[in-house]
2 protein chains.
Amino acid sequence: MPAPLLSRDAVVDRLLGAFRRYGYAAASLGELSKATGLGRSSLYHYFPGGKEEMARAVFDRVDQWAQEAVFAPIRGTGTPERRLSQVIAALDTYYAGGAEACLLGNLVVGDARTLFQDKLSAAFHQLMDGLAQLAREKGIPERDAQQRAEDAVVRIQGALIVSRGISDPAPFRRVLKRLPQNLLG
Amino acid sequence: MPAPLLSRDAVVDRLLGAFRRYGYAAASLGELSKATGLGRSSLYHYFPGGKEEMARAVFDRVDQWAQEAVFAPIRGTGTPERRLSQVIAALDTYYAGGAEACLLGNLVVGDARTLFQDKLSAAFHQLMDGLAQLAREKGIPERDAQQRAEDAVVRIQGALIVSRGISDPAPFRRVLKRLPQNLLG
DNA sequence: GTCTATAATAGGATAGAC
DNA sequence: GTCTATCCTATTATAGAC
């Protein structure tokens with residue numbers, strides 16, 4: 001039995017790269033095989049459920065990342081401004097400064113949306129709730145805090161689309177830069 | 001020779017519906033055939049270049065719609081507020097109150113992005129320039145007008161993603177409602 | 001755990017009848 | 001202008017060797 005070339009997490013990370021580049025439907029097993037360096041059959045060894053199971057594993061991995069890089073800072077210590085700046089740094093890295101697409105944003109298209117709608121809805125709501133918490137701590141009233149948080153997520157998603165549409169990361173950079181003022185100011 | 005069942009424009013409209021639902025890669029000829037009610041071969045009669053030519057025709061049709069429903073009002077008469085409200089009404093209809101996805105937003109994913117990058121970039125820039133023009137007419141300085149216009153497009157795109165992600169059109173409705181204040185106020 | 005081989009299906013595209 | 005029939009390729013998935 002040959003030793004595994006990649007840990008399961010490493011495989012999932014590479015799958016994530018493919019799904020966020022191509023979306024769900026267009027991420028063929030050939031692409032996923034190329035992205036991971038594994039043959040198609042090896043992918044079925046890790047994920048007997050095929051592509052859907054791969055996507056669910058990727059989803060869980062992103063959720064795990066978000067817990068560590070986004071929600072842990074949000075629940076951490078320090079001023080809201082300081083904790084938000086940690087979140088922004090994490091987002092900037094995750095999205096490679098606006099060059100990489102959002103997995104969630106790609107999964108709202110086509111049949112993937114119905115396939116993953118529960119997880120999608122939960123992920124968006126969790127992110128908005130987390131950001132709203134920071135705004136509340138600044139003394140912003142509940143209603144306003146929620147809407148600022150929604151606006152922040154809307155802007156991040158939109159900036160990724162526009163930045164890719166015009167092949168220029170500037171809109172994404174501007175959105176991140178203004179996020180502290182828009183959410184907490 | 002049987003008479004055409006649908007005008008070419010009608011065919012393209014139905015193709016638009018399929019491309020905005022599924023994106024480019026996942027809009028298979030089977031789906032496009034079902035959406036138009038035409039057999040695969042009939043689609044090749046209209047579009048000898050296959051799926052890419054279909055998508056380009058859809059792109060041109062959306063551009064034509066934008067000229068009439070967005071850019072004509074922008075260049076029209078009346079106060080900037082009044083002209084913007086015409087644009088917002090057109091966007092609300094086009095996106096079905098947030099229920100329908102954006103063709104442009106779907107085409108920035110995967111290989112479609114490189115395939116259509118020139119048209120994508122031009123379309124986004126044209127829309128931002130048009131909205132910036134309205135802001136300038138309100139006396140907003142050039143730099144600020146441009147960034148407000150970019151922010152407006154960012155918010156619209158992002159709201160479509162979030163609304164679909166949480167299966168709730170409220171974020172899209174809120175963005176349209178606040179657009180006058182955010183762009184011109 | 002990885003591979004080659006293979007099956008079955010769906011995809012894009014073309015030819016030709018009517 | 002539309003259809004059926006067809007071709008070729010790509011795709012998903014499985015079987016079995018090592």
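Throughout, protein chains are lettered first and strands after them, A, B, ... in sequence-line order, and every chain is numbered starting at 1. Please read these numbers as outputs of a predicted model, since none were measured by experiment. Heavy-atom basis, side chains included; hydrogens, waters and symmetry copies ignored.
- Here B/His45 does not reach the OP1 or OP2 of D/dT2: none of its side-chain N or O atoms lies under 4.0 Å away.
- With hydrogens and angles ignored, the 3.5 Å screen pairs no side-chain donor or acceptor of B/Arg113 with any backbone N or O of B/Leu107.
- In this structure B/Asp168 satisfies the side-chain hydrogen bond (donor to acceptor under 3.5 Å, both in side chains) test with no other residue, sequence neighbours excluded.
- Atom CG in B/Leu115 sits about 14 Å away from atom C1' in C/dG12, given to the nearest Å.
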Side-chain donor-acceptor distances from residues 114-128 of chain B under 3.5 Å, at least two apart:
unit_1, atom_1, unit_2, atom_2, d
B/Thr114, OG1, B/Asp111, O, 2.8
B/Lys119, NZ, B/Asp60, OD1, 2.7

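- Ring planes of B/Phe19 and B/Tyr24: parallel class, angle under 30° (limits at 30 and 60°).
- Between A/Arg21 and A/Glu31 there is no salt bridge, since no side-chain N of the basic residue sits under 4.0 Å from a carboxylate O of the acidic one.
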Any N/O pairs under 3.5 Å between the protein and nucleotides 10-14 of chain D? List them or say none.
unit_1, atom_1, unit_2, atom_2, d
D/dT12, OP1, A/Lys51, NZ, 3.4
D/dT12, OP2, A/Leu29, N, 2.5
D/dA13, OP2, A/Tyr44, OH, 2.5
D/dA13, O5', A/Tyr44, OH, 3.0
D/dT14, O4, A/Ser41, OG, 3.0

request  = Whenever both distances are under 3.5 Å in a Watson-Crick or G-U wobble pair, mark it; put DNA chain C into dot-bracket that way, with [ ] for crossing pairs and | when the partner is on another strand.
outcome  = ||||||||||.|||||||
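- Listed by residue number, the members of residues 6-15 of chain B with any heavy atom below 4.0 angstrom from DNA chain C form an empty set.
- The existence of a salt bridge linking A/Asp151 and B/Arg155 is confirmed by a sub-4.0 Å separation between a basic side-chain nitrogen and an acidic carboxylate oxygen.
- The interatomic distance linking B/Phe47 (CZ) with C/dG12 (P) rounds to 15 Å, in whole Å.
- Geometrically, B/Arg20 engages B/Tyr94 in a cation-pi contact defined by less than 6.0 Å to the ring centre and at most 45° from the axis.
- Atom-to-atom, OH of B/Tyr24 to C1' of C/dG12 comes out at 10 Å; the value is rounded to the nearest Å.
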Which donor-acceptor pairs under 3.5 Å do side chains of residues 67-75 of chain B form with protein atoms, sequence neighbours excluded?
none

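- A donor-acceptor pair is defined here as one N or O able to donate and one able to accept, closer than 3.5 Å; such a pair exists between the side chain of B/Arg148 and the backbone of B/Gly185.
- Looking at A/Arg40, its side chain never comes within 3.5 Å of a backbone N or O of A/Gly30 through a donor-acceptor pair.
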